[in-house]
Amino acid sequence: MKIKLNHKLLTLLFIAYYGLYFGQKVEFTVPKSIETLQNSIFYFSNGFTKDEAKAAAASDDDFSTTVELYNLKYDTDYKNPYLKPALKNGAKPKQFIQQAVWNVTMKKVSGKSTKVSVFLETVTPDRWSKKDIDVKQTQSTGKVEQEIKEFLLNYNEPKVSEALEAADIAATEAMATAQVADFEARNAIEKVTSKKLQSVFSKKQFIALPTTSGNFTKLLQIQPSDLECGDCKNGKYSSWDFDDFNMIYAQMTTGLEYYALQYYGNQKVSGLPYGLVFNDSSPSECKTKFARYNAQLYQTTVDTDENSSKALTVVTFKINTSFVRLEFGNEYLTRLVISNKEF
């Protein structure tokens, strides 16, 4: 949903950040009022933007916000047109930028004229590309700056009634208040580190398949329970219980092999690889984190008993030879499954 923000809302959402910019600042003048442009910029989009609320700061004569592009891929046969990544010596051609942020600043010249400045503010490679890309030397190609200029020159905001505008502002304020309350509640939850998870994922990556039940027993230092399973090899699968977790490992007669971790507690628990945190990592965060592996986010249903089911948000992707399924039972990560075949 696009949100038309007034000065009060801009102040509420304001995040002050001024840093070094990469490449040349682009400046131009638009023959429109600053009030018109500061509302228009929130409607700017291209194939790499997201429909989300933006941080901004405003006064009578000045305005500042950002344009953010996501999931910019680079390879031997494809170069994203918005950035020139500065690759370090020995870097592979295949790279992935999770997010690039351009600062957009406006200054009132007159009642019908506004000076606009655009520059590349931050570049965030994904965890696999961090060691290969020099973010301080990475430059903007100038394409997004040109797109912003053309948009501001040509965009005409649809007219809405005062009553509809007031209702939109009231709804936005209510949503912002709810988001602040949710953030404060989430921030109050204790975050701990699981030694058992650290033991299982000591190499900070998922355990590759094939493996054995004995391997997990060695890592966990806990003997499993062998539970009956008609579709499993030898008629059983292994299950370990520790802290607020359950872990299972199974080899099916179909050739499917997998292990799964389920978290039942209320704390935020780290110890998983790739910075994943039980009861803290969100679906959108995980989709972005593993975007280079074409991570897919969708909703499905799971049976709760014979007569009912519930919605479940899932993120899936393939990393190396393993299929990964992340499940979000309470809006945050509660289960992960690693398998040799797609579920």
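Worth saying up front: this structure is predicted, and the values here are computed from it rather than measured. Numbers here are sequence positions counted from 1. Below, each value reflects all heavy atoms present in this structure, side chains not excepted, and no hydrogens, waters or symmetry copies.
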Ring centers of Phe245, Tyr263 separated by less than 6.0 Å: yes
Aromatic centroids of Trp128 and Tyr293 separated by under 6.0 Å: yes
Answer yes or no: is there a donor N or O on one side and an acceptor on the other, between the side chain of [X] and the main chain of [Y], under 3.5 Å?
| X | Y | result |
| --- | --- | --- |
| Ser117 | Glu27 | no |
| Glu331 | Phe328 | no |
| Thr76 | Pro93 | no |
| Lys73 | Tyr78 | no |
| Ser129 | Asp126 | no |
| Asn320 | Ser322 | no |
| Thr217 | Gln223 | no |
| Trp240 | Ile222 | yes |
| Thr114 | Val30 | no |
| Lys191 | Lys268 | no |

To check you understand the geometry: which heavy-atom pair defines the closest contact between [X] and [Y], and what is its length?
| X | Y | answer |
| --- | --- | --- |
| Thr141 | Pro81 | OG1-O, 2.6 Å |
| Glu257 | Leu209 | O-CD1, 3.5 Å |
| Ser194 | Asp243 | OG-OD2, 4.2 Å |
| Tyr298 | Thr316 | OH-CG2, 3.5 Å |
| Asn71 | Ala291 | OD1-CB, 3.3 Å |
| Tyr237 | Ala250 | CB-CB, 3.8 Å |

Going from [atom1] on [X] to [atom2] on [Y], what distance comes out if it is rounded to the nearest 0.5 angstrom?
| X | Y | atom1 | atom2 | result |
| --- | --- | --- | --- | --- |
| Leu256 | Glu342 | CG | CD | 11.5 Å |
| Lys204 | Gln198 | NZ | CD | 6.5 Å |
| Asp226 | Ser213 | CG | OG | 6.5 Å |
| Asp241 | Ser225 | CG | OG | 6.5 Å |
| Asp51 | Phe42 | CG | CZ | 12.5 Å |
| Leu37 | Ile148 | CG | CD1 | 12.0 Å |

Linked, directly or transitively: [X] and [Y] (ILVMFWY side chains, under 4.5 Å):
| X | Y | answer |
| --- | --- | --- |
| Leu87 | Val123 | yes |
| Val277 | Leu197 | no |
| Leu219 | Tyr259 | yes |
| Val135 | Leu69 | yes |
| Ile41 | Val144 | yes |

Enclosure of [X] [atom1] (heavy-atom neighbours >12, cutoff 6.0 Å):
| X | atom1 | result |
| --- | --- | --- |
| Asn266 | CG | no |
| Lys130 | NZ | no |
| Asn154 | CG | yes |
| Lys79 | NZ | yes |
| Gln299 | CD | yes |
| Asn89 | CG | no |
| Lys287 | NZ | no |

Taking the side chain as everything from C-beta on, heavy atoms only, tell me whether [X] gets closer than 4.5 Å to [Y].
| X | Y | answer |
| --- | --- | --- |
| Pro210 | Asn340 | no |
| Val104 | Phe63 | no |
| Val314 | Pro283 | no |
| Cys229 | Met252 | yes |
| Val337 | Phe323 | no |
| Ser238 | Ile248 | no |
| Glu68 | Lys50 | no |
| Arg325 | Ser339 | no |

Thr66 vs Thr122, side-chain contact (heavy atoms from CB on, under 4.5 Å): CA-CA, chis, key distance, verdict: CA-CA 10 Å; Thr66 58; Thr122 61; over 6 Å; no
With Glu150 via side chain to side chain donor-acceptor pair (under 3.5 Å) - residues at least two apart: Gln146
side-chain contact (heavy atoms from CB on, under 4.5 Å) between Gln98 and Arg292, worked out: CA-CA 9 Å; Gln98 276 189 343; Arg292 71 153 52 204; over 6 Å; no
Trace of the side-chain contact (heavy atoms from CB on, under 4.5 Å) decision for Thr313 with Leu297: CA-CA 7 Å; Thr313 302; Leu297 188 159; 4.1 Å; yes
Ion pair check, Lys149 and Glu145, cut-off under 4.0 Å: no
Mind telling me whether [Y] and [X] have parallel, tilted or perpendicular rings, with 30° and 60° as the class edges?
| X | Y | value |
| --- | --- | --- |
| Tyr249 | Phe216 | tilted |
| Tyr43 | Tyr155 | parallel |
| Tyr274 | Phe290 | perpendicular |

Does one side chain, of [X] or [Y], offer a donor that lies under 3.5 Å from an acceptor on the other?
| X | Y | result |
| --- | --- | --- |
| Asn330 | Asn279 | yes |
| Ser64 | Asp62 | no |
| Ser110 | Ser113 | no |
| Asn246 | Ser239 | yes |

side-chain contact (heavy atoms from CB on, under 4.5 Å) evaluation trace for Phe48 with Asn80: CA-CA 10 Å; Phe48 297 93; Asn80 188 280; 3.3 Å; yes
